[in-house]
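One structure is given here, and the rest of the page talks about it.
When a ligand or atom number is given, it counts from 1 through the structure's own listing order.
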Amino acid sequence: MIRMNEHYSKLQSSYLFADIARRVAAFQREYPDRDIIRLGIGDVTMPLPTVCIEAMHKAVDEMAHQATFRGYGPEQGYAFLREAIAREDFTARGAAIAPDEIFISDGAKCDTGNIQELFAQDSVVAIPDPVYPVYLDTNVMAGRTGGFTNGRYQGVVYLDCTAANGFVPSLPSAPVDMIYLCFPNNPTGAVITREALQTWVDYARDNKALILYDAAYVSFIRDDSLPQSIYELDGAKEVAIEFRSFSKTAGFTGTRCAYTVVPKTCRVFDQQGQEHEVHALWNRRHSTKFNGVSYPVQRAAQAIYTDQGKKEIRSLSDYYLNNAALIREKMTALGFACAGGEHSPYIWVSGDRGSWELFDLLLHEAGVVCTPGAGFGRCGEGYIRLSAFNSYEQVATAMERMDKVWG
Ligand SMILES: Cc1ncc(COP(=O)(O)O)c(C=O)c1O
């Protein structure tokens, strides 16, 4: 008899965005003539940079000739891309990361979801609340939590992110092993200072813990005093893995390319307390279960690191940040307390009722789709997340409609 993985039964409803899509579809069936503006799902709307398209076209042409055709590539990613990343994203910022510490993949979602496989079943997991749901759900699926009671999975150490702590969690009071952190944050848009991040690195070193640092939104940081990589901090290379993605940086959500940094000095321990390289474990996993990102896509990603590429991706994030500023300004003027939207495409809005009530109100009254904060965790209740990933015109229209509802 084939038996199911019963940990799946603990999962709460379906994936958040599927719930939203269902409600929006029902609304559209009921009101087929109503125009909807989507400030919900965190998908980009602007096309790929020209440099990426050109590089991809060229690579596709190479695939058409026997002399330049490429079959399976290196599982870890082509050296041309890993070298560009190491040089531009790390060494240039004073973080010494070598190309062979970088693993190219088809998404930070997969990597942040898969990484937990490397760690013991009884690892104590610390997860922010609210949170990008992938970190939590993948640990539930793996059986690393108990059941769901009172809005939380048993056995997880939740790190509350509230207005009181500026949406940056405090250190846990009891020891933990795996710590998920994400800055600039999804969903709150919060950023972390160098000093605050250093306290987490020091904590991980003191407790032999590991930080899983998701920097998928790093390209939105505009304050140079903020850390872009956790490896800019002292001692982080022994206790942190960093996830990056070209999705939001360069519009690759549909093209798929990301990378994970696992420094060779990063350690994990066996039952006897013996040290092992996390790099060796991830390398084993990656090369066993993954066969590489396509050559044209890696060439497109490499093009981001040219002078022209850097300009183009900067103007992409500038565009969304301009939208974010408008949303933040309007929502604040309407009397809502807002976080994020400054070094982030997300604005975390404190509402005057429950998250799903706000979601339904916005959808029905303004035809605007947001993301209910409660979908990201118990601390998200009463909040909604507005996303700047849309055209400026659509964002401006959405804000005019908000004015009509609350103004
Ligand atoms: C915090 C965070 N990490 C990772 C991802 C996924 O990135 P990718 O498109 O590379 O899978 C997202 C996407 O929304 C995200 O918000």
Side-chain angles (χ1 to χ4, degrees), residues 15-18 20-21 38-46 48 52 77 81 85 89 102-116 127-139 159 161 167-169 179-192 211-221 228-230 240-261 286 290 292-294 297-298 300-301 304 313 316-317 320 324 340-341 343-348 370-371 373 375-377 380 385-390:
Y15 188 60
L16 170 64
F17 294 110
I20 295 172
R38 292 173 195 277
L39 302 182
I41 275 193
D43 196 0
V44 297
T45 52
M46 299 289 279
L48 289 173
C52 299
L81 179 55
I85 290 169
D89 287 347
I102 294 164
F103 294 80
I104 309 297
S105 80
D106 60 355
K109 183 178 193 174
C110 317
D111 289 352
T112 53
N114 291 329
I115 196 78
Q116 47 75 30
I127 296 190
D129 178 358
V131 73
Y132 175 56
V134 173
Y135 318 147
L136 187 57
D137 287 357
T138 52
N139 276 290
L159 305 170
C161 301
F167 305 102
V168 176
I179 303 159
Y180 289 85
L181 293 177
C182 171
F183 292 104
N185 188 261
N186 177 15
T188 67
V191 288
I192 191 163
I211 299 173
L212 304 168
Y213 192 72
D214 188 342
Y217 294 92
V218 66
S219 64
F220 295 91
I221 293 178
Q228 295 198 2
S229 164
I230 195 164
I241 292 174
E242 182 165 310
F243 304 93
R244 296 268 189 115
S245 171
F246 297 107
S247 285
K248 312 297 157 78
T249 306
F252 274 52
T253 52
T255 308
R256 312 303 304 143
C257 197
Y259 66 87
T260 289
V261 184
H286 200 70
F290 187 65
V293 173
S294 80
V297 168
Q298 291 193 59
I304 293 164
I313 62 166
L316 271 182
S317 51
Y320 295 126
H343 307 286
S344 158
Y346 298 127
I347 300 91
W348 188 239
C370 67
T371 312
F376 298 102
R385 188 194 72 177
L386 293 174
S387 152
F389 292 127
N390 211 319

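For ligand 1, the polar-atom distance check finds no N/O of C257 at less than 3.5 Å from any of the ligand's N/O atoms. Below 3.5 Å of separation, one finds an N or O of R256 facing an N or O of ligand 1.
A heavy-atom separation below 4.0 Å is found between Y217 and ligand 1. At least one heavy atom of C182 sits under 4.0 Å from some atom of ligand 1. At least one heavy atom of D214 sits closer than 4.0 Å to an atom of ligand 1.
To the nearest 0.5 Å, the span separating CZ on F103 from OH on Y259 amounts to 13.5 Å. Summarising the geometry, atom CZ belonging to F220 is positioned 8.0 Å from atom NZ belonging to K248; distances are rounded to the nearest 0.5 Å. Here the OH-CD1 distance, from Y213 to I192, works out to 6.0 Å after rounding to the nearest 0.5 Å. Rounding to the nearest 0.5 angstrom, the gap separating the CD atom in E242 from the CD atom in Q228 is 10.0 Å.
In terms of protein heavy atoms, atom 14 (O) of ligand 1 is closest to K248 NZ, 2.8 Å. Closest protein heavy atom to atom 5 (C) of ligand 1: Y132 OH, 3.2 Å.
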Verify side chain to side chain contact (heavy atoms under 4.5 Å, CB included) between S294 and R256, making sure each step is shown before the conclusion. CA-CA 9 Å; S294 80; R256 312 303 304 143; over 6 Å; no

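Short contacts between ligand 1 and K109, defined as distances under 4.0 Å to a heavy atom of the residue, involve ligand atoms 6 (C), 7 (O), 8 (P), 11 (O). The ligand atoms of ligand 1 that sit less than 4.0 angstrom from a heavy atom of N186 are 1 (C), 15 (C), 16 (O). Less than 4.0 angstrom separates some heavy atom of G107 from each of these atoms of ligand 1: 10 (O), 11 (O).
No part of F246 comes within 4.0 Å of ligand 1, judged by heavy-atom distances. Contacts between Y135 and ligand 1, counted as non-hydrogen atom pairs separated by less than 4.0 Å, involve the side chain only.
The backbone N or O of P128 lies less than 3.5 Å from no partner atom in the side chain of Y135, so there is not a single donor-acceptor pair.
With atom 8 (P) of ligand 1 as the reference point, the heavy atom nearest to it among A216, S247, P133, S105 is part of S247.
Proximity of D89 to I102: side-chain heavy atoms (C-beta onward) are nowhere separated by under 4.5 Å.
Relative orientation of the Y346 and Y217 rings is perpendicular, given thresholds of 30° and 60° on the angle between their planes.
Nearest heavy atoms, A108 versus S245: CB-CB, 3.9 Å.
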